[in-house]
Trainee: 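Take this structure first; my questions come after.
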Amino acid sequence: MAEHVEIMLTEDEVDNRIREIGEQISKDYAGKMVHLICVLKGGSFFMTELAKRITVPVSLDFMSVSSYGGSTKSSGVVRIVKDLDEPLEGKDVLVVEDIVDSGRTLSYLLDMLRDRKPASVKLCTLLDKPDRRVVDVNVDYTGFQIPDEFVVGYGLDYDQKYRNLPYIGVVRFD
C-alpha cells in the first residue's frame, strides 16, 4: 500500500501560530521561569521553535512516553520510555506535546507529573483532535484544532517517517 502526504497547514501558518503562543506564554509567565517538558520524539520540533519565542527564562527537560508503536491508532497502553532528568518540585511546568488525540497518554502523564509537586502544570500542544478524545484533558495552549485525520510533519511521524516535513500534512493511503 503506497502513501502520500497532502498539506493541511503550511510552514508559514505553523510558524505564525507558534509565535502567537510564545507571546501568550511570555505574558502568562511574566516574572517567572517556565520549565518546559518536551514529550519526545514528536514534541521536539515544536518545543524548539516555541522556546525561541518565549521571552521569560526557560529551562528544558525531556520525557518519552509511548502508546502508538508502529500504528496509526493509539494502543491505550502507556509506557515511559525516558523519564525526566530533573525534579519538578516547586517549578512552573509546561508540558509541550505535538498532538493531543485520545487524551489517554497525556492524562496519565499529567497525573504522574502532578504527583511530583510542581508549583503548576499546564499543557501546550501544537495540534488538538477533540473529536478523538476519550479521556478529558485540559489543554491550556493550542496551536490548531484539527479534524480526525492522521497527520505528519513538524515532528509528527508515521512509523518514524515524515518528522522532518516543515509543515503539517495528512497521510493518504493509495
Trainee: Is Leu109 close to Ile80 at the side-chain level, that is, under 4.5 Å between some pair of heavy atoms?
Mentor: no
Trainee: Between Asp92 and Leu94, is any pair of side-chain heavy atoms under 4.5 Å apart?
Mentor: no
Trainee: Which heavy atom of Pro118 sits nearest to which heavy atom of Arg114, and what is that distance?
Mentor: CD-O, 3.7 Å
Trainee: Do Met33 and Leu88 land in one hydrophobic cluster if side-chain heavy atoms of ILVMFWY residues count as linked below 4.5 Å?
Mentor: no
Trainee: Dump the intermediate steps for side-chain contact (heavy atoms from CB on, under 4.5 Å) on Lys161 and Val152, then the final yes or no.
Mentor: CA-CA 8 Å; Lys161 296 183 287 187; Val152 294; over 6 Å; no
Trainee: Run Leu9 and Arg17 through side-chain contact (heavy atoms from CB on, under 4.5 Å) and show every step you take.
Mentor: CA-CA 11 Å; Leu9 297 164; Arg17 184 65 185 126; over 6 Å; no
Trainee: Name every donor-acceptor pair, under 3.5 Å, that has one atom in a side chain of residues 162-174 and the other anywhere in the protein, sequence neighbours excluded.
Mentor:
| residue | atom | partner | partner atom | Å |
| --- | --- | --- | --- | --- |
| Tyr162 | OH | Glu3 | OE2 | 2.8 |
| Arg163 | NE | Gln160 | OE1 | 3.4 |
| Arg163 | NH1 | Gly155 | O | 2.6 |
| Arg163 | NH1 | Asp157 | OD1 | 3.4 |
| Arg163 | NH2 | Asp157 | OD1 | 3.1 |
| Arg163 | NH2 | Gln160 | OE1 | 3.3 |
| Arg172 | NE | Glu6 | OE1 | 3.2 |
| Arg172 | NH1 | Glu149 | OE1 | 2.9 |
| Asp174 | OD1 | His4 | ND1 | 3.2 |
| Asp174 | OD2 | His4 | ND1 | 3.4 |

Trainee: With hydrophobic residues grouped by side-chain heavy-atom distances under 4.5 Å, do Val135 and Leu106 end up in a single group?
Mentor: no
Trainee: Calculate, to the nearest 0.5 Å, the distance between atoms CG and CD1 belonging to Asn16 and Ile21 respectively.
Mentor: 11.0 Å
Trainee: Kindly list each side-chain donor-acceptor pair under 3.5 angstrom involving residues 140-147, sequence neighbours excluded, with atom names and distances?
Mentor:
| residue | atom | partner | partner atom | Å |
| --- | --- | --- | --- | --- |
| Asp140 | OD1 | Asn138 | ND2 | 3.2 |
| Asp140 | OD2 | Leu123 | N | 2.8 |
| Tyr141 | OH | Asp28 | OD2 | 2.7 |

Trainee: Tell me whether the count of non-hydrogen atoms from other residues, nucleotides or ligands lying under 6.0 Å of CG in Asp136 goes above 12.
Mentor: no
Trainee: Within this structure, what is the CG-CD distance for the pair Leu60 and Glu86, rounded to the nearest 0.5 Å?
Mentor: 9.0 Å
Trainee: Mind listing the closest non-hydrogen atom pair of Cys38 and Ser44 along with its distance?
Mentor: SG-N, 3.4 Å
Trainee: Looking at Thr55, is its backbone amide N or carbonyl O close enough to the side chain of Ser26 to form a donor-acceptor pair, meaning the two atoms are under 3.5 Å apart?
Mentor: yes
Trainee: With side chains defined as the heavy atoms from C-beta onward, is the minimum distance between Asp98 and Tyr154 less than 4.5 Å?
Mentor: no
Trainee: Looking only at heavy atoms, what is the nearest atom pair of Ile25 and Cys124, with distance?
Mentor: CD1-SG, 4.3 Å
Trainee: Could you check whether any side-chain N or O of Lys129 sits under 3.5 Å from a backbone N or O of Ile99, counting only pairs where one atom can act as donor and the other as acceptor?
Mentor: no
Trainee: Hey, mind stepping through Asp128 and Arg133 against salt bridge (Lys or Arg N to Asp or Glu O under 4.0 Å) and telling me if it holds?
Mentor: CA-CA 9 Å; Asp128 187 7; Arg133 199 79 82 246; 2.5 Å; yes
Trainee: Look at atom NZ of Lys117 and say whether more than 12 heavy atoms of other residues, nucleotides or ligands are closer to it than 6.0 Å.
Mentor: no
Trainee: Any non-hydrogen side-chain atom of Met63 less than 4.5 Å from a side-chain atom of Val39?
Mentor: no
Trainee: For the hydrophobic clusters of this structure (ILVMFWY residues joined by side-chain heavy atoms under 4.5 Å, transitively), does one cluster hold both Val134 and Leu110?
Mentor: no
Trainee: How about Arg116 and Leu84: do any of their side-chain heavy atoms sit closer than 4.5 Å?
Mentor: yes
Trainee: Taking all non-hydrogen atoms of both residues, which atom of Asp85 and which atom of Lys82 are closest, and how far apart?
Mentor: OD1-NZ, 3.3 Å
Trainee: Would you name the heavy atoms of Phe46 and Thr125 that are closest together and state the gap between them?
Mentor: CE2-C, 3.6 Å
Trainee: Would you say Asp15 and Arg53 make side-chain contact, with heavy atoms under 4.5 Å?
Mentor: yes
